[in-house]
Structure formats: structure tokens, C-alpha cells
Amino acid sequence: MASRGHWGGKLGFILAAAGGAVGLGNIWKFPYVVGQNGGGAFIFIYLVSVIFAGLPLLIAEIYIGKTSQKNPVGAFRFFQKGSVPFSIIGYAGVVTAIIILSYYSVISGWTMHYLFLSLKGFSGSEEAVKGLFGQMYESPATNIFWHSLVMLIGVLIISNGVQKGIEKVTKILMPLLGILLVSLMIYALTLDGAGKALSFLFYPDFSSITPKVMLEALGTSFFTLSLGMGAMITYGSYLSKDISISQSSIQIAVIDTVIALMAGLTIFPIVFTNNLEPSAGPSLIFQTLPVLFSKMPGGYIISIAFFSLIIFAAITSAISLLEVVVSFAVDERGVSRKISTIFFGVVIWLVGLLSAISSFKTPGGQPYLDFLDGIVTKYLMPIGGLLTIIIFGWAISKAQKNEEFGKTKIFAVFNFVVKFISPVLLAFIVLNELGLFG
Ligand code: PHE
């Protein structure tokens with residue numbers, strides 16, 4: 001399409017892609033998974049996964065997008081050789097984006113509700129503050145209200161396009177997020193529990209590394225880097241030829257990882273200062289922290305800053321999910337951006353009702369939100385990632401990749417990693433999830 005959007009420049013791309021990557025995964029999920037999996041050892045494996053699977057796949061996805069200048073479906077078709085329809089991976093990505101956004105929007109809504117509660121101020125007994133989560137979780141009206149607001153904000157931003165929508169918003173929200181996070185982290189590091197938090201996060205107790213911890217670390221690194229479902233392909237497709245992929249990818253991966261670590265450095269000193277269990281799980285930021293906010297000096301301002309920060313992170317990720325779907329409709333079906341955004345906004349909003357109404361359960365009795373998140377992080381993203389890296393490693397010739405990456409020694413090493421190491425790591429994960437290792 002002649003009228004596809006483009007980023008205004010390199011900074012615009014980096015901020016948009018880092019904005020897509022940095023989200024609930026970094027600030028909500030990463031700290032609680034670290035807490036549940038023993039701290040330092042988990043972080044060590046997480047970093048190894050980012051280097052050997054996350055970064056190579058990020059480079060591969062941005063390459064596939066930039067070279068084809070297409071949405072994920074068109075992009076995979078562009079590289080097709082022979083009769084195997086590569087575009088299926090693109091379709092799977094679009095469906096995955098719809099599923100993720102449907103529940104991501106609901107959790108983003110929770111963070112908005114908690115900003116609203118912060119503005120009112122957390123007060124009362126510990127039980128009362130903890131109970132706020134259950135009240136919200138069980139109220140369809142509250143969930144649907146905030147879920148609708150998140151989807152509406154997403155539709156408004158995405159209908160304005162790549163430069164005037166995504167780029168403009170991320171250029172404002174990402175610096176704000178940085179300022180808030182740095183300030184909160186500095187504050188947290190002055191607390192008594194900071195020393196304990198540092199050793200919990202950075203002193204790896206290797207005996208706590210089990211296959212389950214390794215899988216969890218890999219899955220988390222994929223989710224926080226937005227891999228295996230076409231988001232980075234889509235953002236890469238708005239790159240112009242003169243922007244270097246390897247450099248930008250490293251910057252994006254570093255920003256994403258540093259922000260996850262900073263979230264840990266903010267949350268754990270607060271947790272340890274107050275002798276709380278780091279392994280509280282998903283409720284860590286919605287139940288554990290608010291109890292502290294209600295007691296600690298300055299808790300009012302800190303809770304407002306904290307929940308604003310998460311909202312900024314969530315919005316810049318939510319729009320990257322919507323853009324995957326919209327770019328597909330615009331490129332492949334020739335529908336206008338406005339109409340596709342509204343149409344898919346409504347579709348995703350409807351699917352999201354499954355997760356927003358917590359009394360809806362799967363036949364197995366699981367809430368839809370947990371069920372969908374499990375399908376995405378255990379199966380859809382790792383399988384999508386595995387197929388993408390295989391295509392990048394094996395179906396795209398070395399000569400073709402040399403045009404983008406040059407003929408350097410580093411490229412030779414990288415090409416070896418994407419052909420042999422990353423696919424094996426990913427295959428291991430996928431096979432394990434499918435139950436092949438018992
Ligand atoms: N990376 C986002 C986060 O960490 C989640 C996400 C996944 C966004 C896939 C887009 C695509 O919260």
C-alpha cells in the first residue's frame with residue numbers, strides 16, 4: 001500500500017517499540033514471578049533467555065517487518081518459498097493479539113481502578129484494603145467500565161495512525177514513565193529493606209533453578225519483549241531503510257530488561273522493609289502494596305505515582321496489540337484505518353467481556369482471564385516464536401541477511417545462534433509445554 005505509515009525517525013521507533021515491550025509484564029508480572037521463583041537465580045536465567053532467545057527473535061521480527069514493509073500476514077507471505085503457507089504464522093499472530101488485548105485491557109483497567117482508589121486514598125484496616133481487590137474482581141460493572149475505557153483510549157490513539165497516534169503518545173508517556181520509575185526506585189532504595197532486596201534480586205541461589213523455573217523465565221522474557229505474535233514485525237514494518245536493526249533491537253531489549261529490574265528494585269525494598277512475603281503472586285501490587293501505601297509516610301503520593309506509572313506502561317503496550325490487528329485489516333483487506341480500528345476495537349471489547357466478568361468460567365472451571373493468559377504464554381507465543389526463528393534462520397538466505405547486517409564476524413556468530421541455539425531452546429520449551437518431557 002502506498003500510504004502505509006512510517007516512524008518519524010529512529011527515536012520515535014525505539015520509544016514506540018520499547019513502549020510496546022514495557023508493560024504489565026515488566027511492572028506487574030516480572031516482580032511477582034521473581035518473588036515466586038526465588039529471586040536472583042530466576043533473574044539470572046531470565047537474562048540468559050533474553051540474550052539467547054529474546055534478542056535474536058526480536059532482531060528476526062524487526063527484520064521480517066522492515067524488509068517486507070508489511071503486516072505479519074503479508075510479511076510471512078513475503079518470505080514464503082515453496083508451497084508451505086508461511087502466512088499461517090501471521091494469522092496466528094493476529095488472533096493471538098486479539099486474545100492478549102482482550103484480557104490485557106481488563107488488567108489495565110484494574111490499574112486504572114487502583115489509580116482511582118489511590119486518589120481517594122487507601123485507608124482502614126489491612127483486611128479492608130486487601131478486600132478492595134476482591135470487590136473489584138467480583139464486580140462485572142467495575143471491570144466492564146474500566147475495560148471499556150481502556151479500549152476506547154486504544155481506539156482513539158490507533159485511529160490516528162502511526163506517527164500522529166502511536167509515536168506522539170509514546171513520546172510523551174515513555175519519558176513520564178521513566179521519571180516516575182526512577183523517582184520511586186530512588187525512594188525505595190533508601191528504605192531499610194533495600195539491602196535485603198538487593199541480595200534477594202542479585203544473589204543467585206543456583207539450587208533453586210529447576211526446569212520449571214527455567215521455563216517460567218523464558219516465558220516471561222517472551223511476554224515482556226512482546227515476541228512470537230507479530231507485534232515487533234508490525235512496528236518494524238514502519239521502519240525506513242536507513243535505520244539499523246541490530247542497534248535498535250539491542251536498545252529496545254536493554255530498555256525492557258532494565259525497566260523490569262527497576263520495577264523489582266522498587267517493589268522489593270518496600271516488601272522487605274515491611275517483612276512481607278515476596279511470593280504473594282499476582283496480587284502483589286494490588287493487595288500487598290496498597291496495604292503499605294495505607295500506612296507508610298508519603299503513601300498517598302507514592303501510590304498515585306505508582307499506579308500512574310503502570311497505566312502509562314499498559315497503554316503503550318495495549319496500542320501495540322491493537323496495531324497488529326489494524327495493520328492486518330488495512331494492508332490485507334484494504335479497509336480504512338478508522339473503520340478497522342473501530343471494528344476490531346468492538347470485537348476485542350466483546351471478547352474481553354469473558355475476562356471482565358469473573359463469574360464466567362471455562363468448562364474446566366477456570367476464569368477466562370487465567371485460561372487465556374495460560375494459552376498465550378505457554379503455547380501461542382513460544383510456538384509463534386519457534387516458527388519465526390526457524391524461518392529467519394533457515395528460509396531466509398545468508399546473502400539476503402548480509403544486505404541488512406553486513407558480512408561481519410558478529411553477524412556470523414549471530415547467524416549461528418539463530419540457526420542452532422535459539423530454535424533448540426525454543427523447541428525445548430514448546431515440547432515441554434506439550435507434555436513431551438512428562
Ligand atoms: N510486552 C507487554 C508487557 O510486558 C505485553 C505484550 C505482549 C504487548 C505482546 C504486546 C504484545 O506487558
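If you read the sequence from its start, that first residue is 1, and numbering goes on from there. Note that ligands are numbered from 1 as they come in the structure, with each ligand's atoms numbered from 1 the same way. Predicted, not measured: the structure shown is a model, and the values here were computed from it.
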Could you tell me whether Phe223 approaches ligand 1 through its side chain, its backbone, both or neither, with non-hydrogen atoms closer than 4.0 Å? both
Examine the proximity of ligand 1 to Ser226 and report which part, side chain or backbone, both or neither, has a heavy atom under 4.0 Å away. both
Identify the protein heavy atom lying closest to atom 12 (O) of ligand 1, giving its residue, its atom name and the separation to 0.1 Å. Tyr104 OH, 2.5 Å
Of all the non-hydrogen atoms in the protein, which one sits nearest to atom 11 (C) of ligand 1, and at what distance? Leu321 CD2, 3.3 Å
Is there a heavy atom of Lys29 sitting under 4.0 angstrom from any atom of ligand 1? no
Take a 6.0 Å sphere around CE of Met214 and say whether it holds more than 12 heavy atoms from other residues, nucleotides or ligands. no
Taking the six-membered ring of Phe223, is the NZ or CZ of Lys29 close enough (under 6.0 Å from the centre) and on axis enough (within 45°)? yes
Geometric cation-pi criterion Lys401 and Phe392, 6.0 Å radius, 45° cone: yes
Identify the protein heavy atom lying closest to atom 2 (C) of ligand 1, giving its residue, its atom name and the separation to 0.1 Å. Ala21 O, 3.4 Å
Evaluate the criterion ring pair (Phe, Tyr, Trp, His ring centres under 6.0 Å) for residue pair Tyr300 and Phe293; output intermediate values, then yes/no. CA-CA 7 Å; Tyr300 181 72; Phe293 292 147; over 10 Å; no
Would you check whether Trp28 reaches within less than 4.0 Å of ligand 1, judged by its heavy atoms? no
Aromatic ring proximity, centroids under 6.0 angstrom, Phe13 and Tyr238: no
